[in-house]
Protein chains: 2
Amino acid sequence: MSTSALNARAGLKRDRVRDFLLDLIGDKRPGDAIPSERDLCRELGVSRPTLRAAIDDLVRQGLLVREHGRGTFIGPHKVTQQLAATAGSSFYVPPAEGHWLSRVLEFDSAPAGARLAHRLQVSPADPVLRAVRLRIVDDEPMAIERIHLPHALVRGLAPEDMESGSFYQLLRARFGVDVRSAVQTIEPTVTDETEAELLGVPQYAPALLFERTTRDAGGRIVELTRSIYRGDRYRITSELYFDADSG
Amino acid sequence: MSTSALNARAGLKRDRVRDFLLDLIGDKRPGDAIPSERDLCRELGVSRPTLRAAIDDLVRQGLLVREHGRGTFIGPHKVTQQLAATAGSSFYVPPAEGHWLSRVLEFDSAPAGARLAHRLQVSPADPVLRAVRLRIVDDEPMAIERIHLPHALVRGLAPEDMESGSFYQLLRARFGVDVRSAVQTIEPTVTDETEAELLGVPQYAPALLFERTTRDAGGRIVELTRSIYRGDRYRITSELYFDADSG
DNA sequence: GGCGCATAGTGGTCTTTACCAGTAGCCGCG
DNA sequence: CGCGGCTACTGGTAAAGACCACTATGCGCC
């Protein structure tokens, strides 16, 4: 590589390419195409691996979307999930933006086994229902959800029951399961190969990993879920309260 | 490249290299070194760009840490932040795990200007205090926090006041600002160049972006913060409540 | 024994080249 | 006019090579 007038950090070719692309993106709308890789290489005087590295970064951020054989396009915008307190003291979880559906990918039942039995507080021989569903909003995959429930709670539940409407409402109305509270963890992660394919994002794209242990009014564990939300299309809001001792 | 017995998706050299490295990582502890890039290339029969792409992925996940001129090492483990309801109805924010300190990087005051005035609900000419601090836990940078407060609320506040202890307690005790509630958004992001350097992670590493609008008991906006938490070392837990209408 | 320098390690950046695989558009034929 | 095939586009994967820059270790000299 020939000498660069800029210092090694600020002036890397990859960085200058990325800045150029950010300016390009700023002028366009979701779905618009950007010039082809080979055109950009000629225009910017860089090699394809270097250009691709810059584009890789923007793809991981959700700003660009690549389609094999078609081109590279401006990415769509984010969906927001709000966690807000209701007038009462409960911490209400309203629906996220957009029109949500689910597609059930897997649906089976098997004995809990030692580890799952412990987490669900059932006997290891008790059957546990296991469902995997793809959460879809406005026709695009948004999340993959893996759910475990004690089978005894939901006798007769069918896959299509989990594809529209509120699952918690269904639990209440049909099975008398009064879903009341949950502990949930959120952490950033990156998609693996299967998740990437299902969600339509690249492998190792930023994502949010949610794990939730849900209880009914009596404190009984009714559900374990583990969900991956694509990071380029999802954001959480929450409303916090502090008392006199809060940090 | 010679023909591959495995199909294009499952059998990419990059993927096989990554799987090999995951096995290697599984046998070691944080801080342990893995073999050098050139050694791994010889051992696995792949080119350096291909090996580096596989290592890049593991570095972004926080599983590996690279040090220029020294080697590649196993990454450290995650810190957990808990959001839990207290016995009262408020949504308490307890301290996250570990011993937290701050280092104030920037600390100045300037007129709010139109946009910030709108968000803070002050006049554009009102001075606003702006602080940037690096949040450190157990001697490692964990987050970068950018804070704006109306200067009138905190006359006499000095940078060192923000480096240890609870800032909200300080607001209460010294300035009579009764911090009571906040709206916060959380979304996954990737670090930019400056953030990466301050946090000691690679650029474009997964991170969590928090934006918070904090109010006092009277509903007055007392603080705006925008924070980046490194994604390889941070996780959030929360406790959720559902009423009879919750989804 | 300590310090400084040089060398050999390490990771980091980029180019060039080759080839694979998917998609779209155009042209020709039925 | 529609369909199929071919070509030229697009992105995708990988290797080889060159050189930069940081760090650690060892050796020699003071």
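Within every chain, numbering begins at 1; the chains are lettered A, B, ... in the order of the sequence lines, protein sequences first and strands thereafter.
- Atom CD1 in I34(B) sits roughly 16 Å away from atom C1' in dG9(C) (whole-Å rounding).
- Rounding to the nearest 0.5 Å gives a distance of 3.5 Å between CD of E223(B) and OH of Y168(B).
- Looking at D32(A), its side chain does come within 3.5 Å of a backbone N or O of R29(A) through a donor-acceptor pair.
- Put simply, S36(A) has no side-chain N or O that comes within less than 4.0 Å of OP1 or OP2 on dC9(D).
- The CD1 atom of I74(B) sits 6.5 Å away from atom CG of L24(B), with the distance rounded to the nearest 0.5 Å.
- Distance CZ (R38(A)) to P (dG22(C)): 15 Å, rounded to an integer number of Å.
- Here dA15(D) presents its P atom at 14 Å from CD of E37(B), a figure rounded to the nearest Å.
- In this structure, D39(A) reaches the sugar-phosphate backbone alone: every heavy-atom distance under 4.0 Å involves primed, P, OP1 or OP2 atoms, never a base.
- A donor-acceptor pair under 3.5 Å is absent between the side-chain atoms of D19(B) and the main chain of R16(B), judged by distance alone.
- Between the side chain of D161(A) and the backbone N or O of A158(A) there is at least one donor-acceptor pair closer than 3.5 Å.
- R66(B) approaches D56(B) most closely through the heavy-atom pair NH1-OD1, 2.5 Å.
- Evaluation of the side-chain hydrogen bond (donor to acceptor under 3.5 Å, both in side chains) test over residues 67-76 of chain B, restricted to residues two or more places apart or in two chains, returns E67(B)-R70(B).
- Between dG12(D) and R52(A), a contact under 4.0 Å exists linking OP1 or OP2 to a side-chain N or O.
- When rounded to the nearest whole Å, the span between CG of L51(A) and C1' of dC14(C) equals 13 Å.
- Across residues 64-71 of chain B, H68(B), G69(B), R70(B) each have a non-hydrogen atom less than 4.0 Å from an atom of DNA chain D (numbered order).
- Judged by distance alone, the side chain of R230(B) and the main-chain N or O of L199(B) form a donor-acceptor pair under 3.5 Å.
- The closest side-chain donor-acceptor pair between S102(B) and R135(B) falls under 3.5 angstrom.
- Nucleic acid contact class of R14(B) (heavy atoms, under 4.0 Å, all strands): sugar-phosphate only.
- Summarising the geometry, the separation between CG on D56(B) and P on dT13(D) is reported as 14 Å, rounded to the nearest angstrom.
- For the segment residues 40-50 of chain B, the set of residues with a heavy atom within less than 4.0 Å of an atom of DNA chain C comprises R48(B), in numerical order.
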